[in-house]
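The next block holds one structure in the form of structure tokens; read it before the comments.
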Amino acid sequence: MKITALIPARSGSKRVPGKNIKPLLGTPLLLYSTAIALSCPEINAGTFVSSDSNSYSYEKLSEDNGAVFIHRPAELAEDDSTDLDVVQHFMEQVETDLIVYLRPTTPFRSVTVVSRAIHEFVTVLGAIPTPTSLRSIELMSETAFKCFTKLGPLLVGIGGVSVDEAGMPNQDFTPTYKANGYVDIIRTQFVKESGMLWGGRCYGFETPPVIEIDTPHEWDMAEMYLATKQGGRHEIFR
């Protein structure tokens with residue numbers, strides 16, 4: 001079975017300009033993900049970086065650190081472009097069975113956890129019915145059923161929960177999880193057959209809570225986290 005790593009690294013971040021190649025305490029953000037992919041023994045068919053950047057810095061940074069650079073058309077790297085766009089373009093360039101999708105915005109991973117996700121997913125592929133994909137998730141500190149949407153100026157509870165009911169203790173509600181970008185796994189056969197990434201039988205792989213970087217505040221949080229580690233480095237090889 002061919003297993004590749006795909007790291008999507010578009011150049012157009014507006015909230016943190018140049019985010020994917022910006023140094024996070026000295027190491028460009030992109031390289032936290034490439035280091036994990038290259039250290040994972042289950043990823044046996046290459047590590048690839050997909051970017052729309054025409055700047056040589058993205059390509060050089062990727063290839064100098066062991067990854068293969070794939071240039072993605074600009075129209076597949078707009079604000080409204082989807083992961084499906086990225087994956088389908090990649091599949092036109094590279095033949096593989098499973099894609100381990102590692103988003104640069106979740107830099108602090110353990111290679112042991114990524115390996116375990118791949119092992120668990122490969123193990124359940126023979127199950128009936130076969131899972132369509134895998135997404136990493138983490139338990140939300142407060143269930144989503146205690147959140148609100150709005151109808152005009154008025155609060156409306158989620159899933160039929162009233163505003164009063166939403167004030168009940170967290171343990172009175174069903175736990176909810178959020179996707180965190182730690183490690184997602186995509187079956188290329190399923191994508192070809194369905195035109196979807198995740199499908200209706202997505203395997204939920206629970207990980208520890210992680211920092212995701214999408215805003216300047218989250219970047220600062222990541223720097224503070226990293227600075228607390230010995231020598232200011234995250235031990236990715238545990």
Least distance between heavy atoms, [X] atom then [Y] atom:
X: Ile185; Y: Ala117; value: CD1-O, 3.8 Å
X: Asp184; Y: Arg135; value: OD1-CA, 3.3 Å
X: Pro73; Y: Asp52; value: O-CB, 4.4 Å
X: Pro8; Y: Pro104; value: O-CD, 3.1 Å
X: Ser33; Y: Leu102; value: O-CD1, 4.0 Å
X: Met168; Y: Phe173; value: O-CE1, 3.7 Å

side-chain contact (heavy atoms from CB on, under 4.5 Å) between Leu6 and Ile186, intermediate numbers included: CA-CA 10 Å; Leu6 175 58; Ile186 297 160; over 6 Å; no
Is there side-chain contact between [X] and [Y], with at least one heavy-atom pair below 4.5 Å?
X: Asn65; Y: Leu30; answer: no
X: Tyr32; Y: Leu226; answer: yes
X: Leu197; Y: Ser133; answer: no
X: Trp219; Y: Lys22; answer: yes
X: Thr130; Y: Phe190; answer: no
X: Phe108; Y: Ile211; answer: yes
X: Leu84; Y: Val191; answer: yes

State the [atom1]-[atom2] distance between [X] and [Y], to the nearest 0.5 angstrom.
X: Arg187; Y: Ile99; atom1: CZ; atom2: CD1; result: 12.0 Å
X: Tyr203; Y: Leu125; atom1: OH; atom2: CG; result: 10.5 Å
X: Cys202; Y: Met196; atom1: SG; atom2: CE; result: 11.0 Å
X: Tyr225; Y: Glu223; atom1: OH; atom2: CD; result: 14.0 Å
X: Ile7; Y: Ser50; atom1: CD1; atom2: OG; result: 10.5 Å
X: Phe69; Y: Asp64; atom1: CZ; atom2: CG; result: 12.5 Å

Using atom types as modelled and distance alone, determine if a side-chain donor or acceptor of [X] lies under 3.5 Å from a backbone N or O of [Y].
X: Thr132; Y: Trp198; result: yes
X: Thr96; Y: Lys2; result: yes
X: Glu165; Y: Val161; result: no
X: Thr34; Y: Leu31; result: yes
X: Asn44; Y: Met1; result: yes
X: Thr106; Y: Asn180; result: yes
X: Glu42; Y: Ile3; result: no
X: Thr27; Y: Leu24; result: no
X: Tyr182; Y: Ser110; result: yes
X: Thr105; Y: Asp214; result: no

Residues Val86, Tyr101; criterion side-chain contact (heavy atoms from CB on, under 4.5 Å); working and verdict: CA-CA 10 Å; Val86 177; Tyr101 202 61; 3.8 Å; yes
Atom CD of Glu95: over 12 foreign heavy atoms under 6.0 Å: no
Connected via hydrophobic side-chain network under 4.5 Å: [X] and [Y]:
X: Leu38; Y: Leu29; result: no
X: Leu139; Y: Phe205; result: no
X: Val183; Y: Val210; result: yes
X: Ile36; Y: Val122; result: yes

CA sep, side-chain torsions, deciding dist, call: Asn20, Ser51, side chain to side chain donor-acceptor pair (under 3.5 Å): CA-CA 10 Å; Asn20 286 319; Ser51 178; over 6 Å; no
From CA spacing to verdict: side-chain contact (heavy atoms from CB on, under 4.5 Å), Asp83, Arg103: CA-CA 10 Å; Asp83 289 326; Arg103 305 166 198 270; 2.9 Å; yes
Arg72/Asp85 under salt bridge (Lys or Arg N to Asp or Glu O under 4.0 Å): CA gap, chis, key distance, verdict: CA-CA 10 Å; Arg72 188 182 348 145; Asp85 293 329; over 6 Å; no
Single hit among Thr176, Asp172, Asn170 for side chain to side chain contact (heavy atoms under 4.5 Å, CB included) with Lys146: Asn170
Phe145 vs Thr174, side-chain contact (heavy atoms from CB on, under 4.5 Å): CA-CA, chis, key distance, verdict: CA-CA 8 Å; Phe145 292 110; Thr174 301; 4.1 Å; yes
